[in-house]
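Down below is the structure, laid out as structure tokens.
Below, chain A is the first sequence line, B the second, and so on; all start at residue 1.
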There are 2 protein chains.
Amino acid sequence: MARTDGAAIGGSRVTGRRQANLRTLADHLGLSVTTVSRALKDGPEVRPETIARVKEAAAELGYVPNVGGIHLRTGRTMKVCSILYAPEVGDYGDPGFLAQVESLSAGLEPSRYNLLMLAQTGGQTPLDAVRKVAEQQLADAVVFSRTTPLDERARYCLERDFPFVSFGRTELLTPHAFVDHDDEGAVVDAVARLAADGHRRIALINPAGTLTYLGYRLRGYQRGLAESDLPRDPALSLTADLSVRATREAARRLLSADRSVTAIICANQMSVVGVLEGLIACGIDTVRDGVTVVGFGGMPFRMLSDQRVVYYYQPQRRVGATLAHHTLALLAGEPAEGLTTVLPYERTDDLRRFRDDDSPMGAAV
Amino acid sequence: MARTDGAAIGGSRVTGRRQANLRTLADHLGLSVTTVSRALKDGPEVRPETIARVKEAAAELGYVPNVGGIHLRTGRTMKVCSILYAPEVGDYGDPGFLAQVESLSAGLEPSRYNLLMLAQTGGQTPLDAVRKVAEQQLADAVVFSRTTPLDERARYCLERDFPFVSFGRTELLTPHAFVDHDDEGAVVDAVARLAADGHRRIALINPAGTLTYLGYRLRGYQRGLAESDLPRDPALSLTADLSVRATREAARRLLSADRSVTAIICANQMSVVGVLEGLIACGIDTVRDGVTVVGFGGMPFRMLSDQRVVYYYQPQRRVGATLAHHTLALLAGEPAEGLTTVLPYERTDDLRRFRDDDSPMGAAV
DNA sequence: AGGGCGACCCGTAACGATACAGTCCAGATC
DNA sequence: GATCTGGACTGTATCGTTACGGGTCGCCCT
């Protein structure tokens with residue numbers, strides 16, 4: 001039977017001529033499709049000269065491997081999926097996530113992988129989204145954040161040997177690839193320096209929840225206090241949503257009950273703003289009254305008034321780049337053991353560093 | 001020849017059993033693969049009872065169409081690609097973009113399409129990214145923003161009949177699907193209301209560039225002035241980058257040269273902050289001195305001090321949802337003519353509306 | 001009775017890439 | 001000279017899906 005449907009199907013609507021495929025190349029070179037296929041992936045059974053000849057022709061004819069064909073034959077999709085968690089309130093989620101995605105996508109650029117984004121919608125659990133990727137074979141690897149110590153997504157992937165890289169550690173026994181920030185180290189550092197500066201009553205704000213990094217923050221806090229011979233006071237370990245409002249109220253409650261507190265370690269950009277608002281509401285000026293606010297997170301918001309803020313900065317782009325690296329390494333067959341990265345925070349005493357670089361993001365206190 | 005490679009290939013690593021496919025269903029039902037395929041897409045040649053039977057079995061056996069097979073056979077990838085433009089400075093690009101992506105992805109969820117993200121990296125032009133999508137058949141449709149009147153990406157797609165939806169209008173003669181905000185209408189409204197409140201000297205800040213919306217803003221400004229019988233003064237039409245620094249300086253220059261200005265229409269969240277900073281630097285208090293700042297954009301930053309700000313808000317999620325709708329409609333064969341949406345701005349006189357909903361984003365002036 | 005006509009279903013050939021089993025031939029080995 | 005070896009290639013079947021051209025069968029009409 002003659003081809004009856006080829007003209008309408010599979011042909012590129014983009015270029016006038018059909019997109020070059022292995023057969024095109026093979027015919028053009030007088031080789032078989034098999035040899036061309038092998039040559040393009042540097043198969044050991046093909047002569048070096050032939051390989052060179054094939055690659056040259058491929059470049060010349062603009063050959064691009066057909067992802068559908070590869071998927072069908074090998075099961076590989078040449079996609080990496082990143083899960084997007086919806087902002088809970090308002091239009092903005094984690095604002096640094098965009099930089100992470102951008103650098104992840106850019107990091108995949110030199111490979112033949114592309115980035116798929118899947119939003120965790122409405123009624124879905126975090127596991128649902130990951131399961132969808134695995135079951136529907138949407139991607140060859142998945143990247144997710146907001147890990148918990150016994151993360152069910154990580155367990156799910158480990159059980160079925162589905163490649164993944166998490167942004168955040170877990171406490172699972174099986175090693176897996178991850179990128180994380182050194183929250184414990186940074187909090188230890190913060191406490192130690194505050195203690196060295198004479199602070200005796202140092203508060204820590206954490207949100208409720210079971211995310212792994214919260215444990216690291218708490219451990220860092222306790223270790224820092226112990227190393228500086230400061231007593232632990234449960235009243236100084238606060239739990240509050242990281243919204244401006246909740247952290248403002250938490251700071252206000254803390255300070256109106258106990259004026260001896262001279263330092264507050266916050267958990268993200270928003271809580272810095274909230275705590276500063278809370279301090280102001282209590283009539284406290286950080287500079288005049290010697291109170292230090294310690295912030296953590298991505299690029300901080302602009303601060304107009306010169307309050308005393310020490311900031312531990314997470315370079316978000318490095319996260320994305322490292323996620324990309326680890327993902328590609330996993331997909332290339334490297335064992336997960338070596339693909340574990342704990343990134344240091346960058347400490348700065350002067351938020352004007354961010355202010356004066358024309359941070360497009362900032363608003364001002 | 002017997003199958004020799006099937007076990008290792010194409011089988012799902014996820015479930016123990018192989019993933020159900022059309023053949024599985026066909027065997028299970030005693031039908032042919034063809035009929036099953038047709039039944040699943042409600043082909044008119046299949047009896048309704050058979051369709052029901054097939055769909056039931058498909059659900060029971062957890063059939064998921066293999067995207068690779070579809071891609072290979074039909075050329076369709078079942079993907080929609082959104083182009084991500086890298087933030088120019090710092091970690092944050094357009095912060096509302098995340099909400100847009102999230103709602104776009106969520107809007108595609110009920111369909112069988114998934115969202116591909118492609119970052120425009122390093123040396124790439126805007127066209128490069130779109131061309132990559134089309135040439136490499138990465139997706140069946142593309143979504144991009146930052147349109148210009150003679151947008152080359154739109155022209156490229158129109159020429160090759162590649163489906164796309166732009167966020168932003170163009171002035172191309174061929175109609176195409178887009179979503180945009182009504183900048184002209186909103187600026188007209190702003191000017192009219194300012195004039196009604198007695199403002200005679202109203203300034204407008206636009207960034208440099210050729211993006212389409214800038215023209216609409218300018219037209220709205222001129223139309224608004226004309227309708228209120230106010231004279232045009234070129235000195236009141238400012239050009240400045242939308243960074244805090246640049247808009248601060250622009251406002252300062254304007255006000256120190258000419259104290260008669262009583263209203264400034266800004267172009268985005270950042271410029272509101274910058275202009276307010278500029279006013280403060282000139283010793284101007286908006287409330288006391290009767291100066292009005294008009295802001296435009298996504299969710300605004302929190303403002304601590306009670307400055308007089310009128311804000312035209314773009315609901316970002318609606319953009320994403322509409323983009324999803326138009327894309328799916330295009331892919332379903334609807335003509336682009338009807339897929340053009342101009343969304344109204346939501347005006348508010350009181351930014352506390354945003355402040356008190358616990359905007360996770362805000363920082364405070 | 002038999003021809004015609006729908007309604008409903010099936011068989012086959014692709015789409016592009018790749019795993020695997022051959023094939024072919026020059027050179028080495030006995 | 002026959003046999004073996006290994007390097008460099010080719011042929012074929014296959015992944016899951018769908019377009020297309022047939023089939024089959026019951027029913028109606030003349």
Side-chain angles (χ1 to χ4, degrees), chain A residues 1-13 18-27 29-54 58 61 63-78 112 136-137, chain B residues 1-13 18-27 29-54 58 61 63-78 112 136-137:
Chain A
M1 173 179 157
R3 268 185 77 226
T4 50
D5 56 351
I9 288 187
S12 166
R13 276 174 304 195
R18 291 179 61 80
Q19 170 69 264
N21 57 23
L22 286 185
R23 156 145 291 119
T24 318
L25 285 183
D27 291 352
L29 288 161
L31 289 170
S32 77
V33 172
T34 305
T35 304
V36 174
S37 170
R38 285 226 266 249
L40 288 175
K41 49 177 69 72
D42 292 309
E45 296 129 314
V46 185
R47 220 168 9 144
E49 302 97 275
T50 310
I51 292 184
R53 213 156 56 89
V54 170
L61 299 188
Y63 169 75
V64 178
N66 180 299
V67 185
I70 294 178
H71 183 185
L72 186 55
R73 186 66 181 100
T74 66
R76 278 180 299 148
T77 60
M78 308 311 288
R112 278 166 36 204
Q136 302 194 13
Q137 290 199 64
Chain B
M1 175 182 157
R3 268 184 77 227
T4 51
D5 57 349
I9 288 186
S12 167
R13 274 176 305 195
R18 292 179 61 80
Q19 169 69 261
N21 56 23
L22 287 185
R23 155 144 291 120
T24 318
L25 286 183
D27 292 351
L29 290 162
L31 289 170
S32 78
V33 172
T34 305
T35 302
V36 173
S37 169
R38 283 225 266 249
L40 288 175
K41 49 177 69 72
D42 292 309
E45 296 130 314
V46 185
R47 216 172 7 152
E49 302 99 273
T50 309
I51 292 184
R53 212 156 58 88
V54 169
L61 300 187
Y63 169 74
V64 178
N66 181 299
V67 185
I70 294 178
H71 183 183
L72 186 55
R73 184 65 182 100
T74 65
R76 277 180 300 149
T77 60
M78 308 311 288
R112 278 166 36 205
Q136 303 194 12
Q137 290 199 62

Whole-Å gap separating C1' (C:dC8) and CG (B:L31): 11 Å

Residue met sooner reading DNA chain C from 5', once B:R38 and A:R76 are mapped to nucleotides: B:R38

A:T35 side chain near D:dT10 phosphate (N/O to OP1/OP2, under 4.0 Å): yes

Value in whole Å for how far the C1' atom of D:dG16 lies from NE2 of A:H71: 10 Å

Closest-nucleotide ordering on DNA chain C, the 5'-leading residue of B:R47 and B:G69: B:R47

Protein-nucleotide distance (B:E49, atom CD; C:dC8, atom P), rounded to Å: 8 Å

Rounded interatomic separation in angstrom, taking CZ from A:R73 and P from C:dC20: 8 Å

Distance in angstrom units between B:L40 CG and D:dT18 P, rounded: 8 Å

Test item: A:Q137 and B:V64 side chains (from C-beta on) under 4.5 Å apart, heavy atoms: no

Sugar-phosphate, base or nothing in reach of A:G30, heavy atoms under 4.0 Å: sugar-phosphate

A:V46, nearest nucleotide to its side chain (from D:dC9, D:dT18, C:dC9): D:dC9

OP1 or OP2 of D:dT18 under 4.0 Å from side-chain N/O of B:K41: yes

Under 3.5 Å, which donor-acceptor pairs link side chains of residues 41-48 of chain B to any protein atom two or more places apart or in another chain?
unit_1	atom_1	unit_2	atom_2	d
B:D42	OD1	B:K55	NZ	2.9
B:D42	OD2	B:K55	NZ	3.2
B:E45	OE1	B:R38	NE	3.3

B:N66 CG - C:dA17 P separation (whole Å): 16 Å

Distance in angstrom units between B:R23 CZ and D:dT18 C1', rounded: 13 Å

Distance below 4.0 Å between A:T34 side-chain N/O and C:dA17 OP1 or OP2: no

Side chain to side chain, B:L31 and B:R53, heavy atoms closer than 4.5 Å: yes

Note, B:V36 side chain near B:Y63 side chain (heavy atom, < 4.5 Å): no

Touch class at under 4.0 angstrom, heavy-atom based, for A:L22 against every strand present: base

Phosphate OP1/OP2 of C:dT18 contacted by A:S37 side-chain N/O (<4.0 Å): yes

d(CD, B:E45; C1', C:dC5) in whole Å: 16 Å

Residue of the set B:M78, B:H71, B:R76 for which side-chain contact (heavy atoms from CB on, under 4.5 Å) holds with B:T74: B:R76

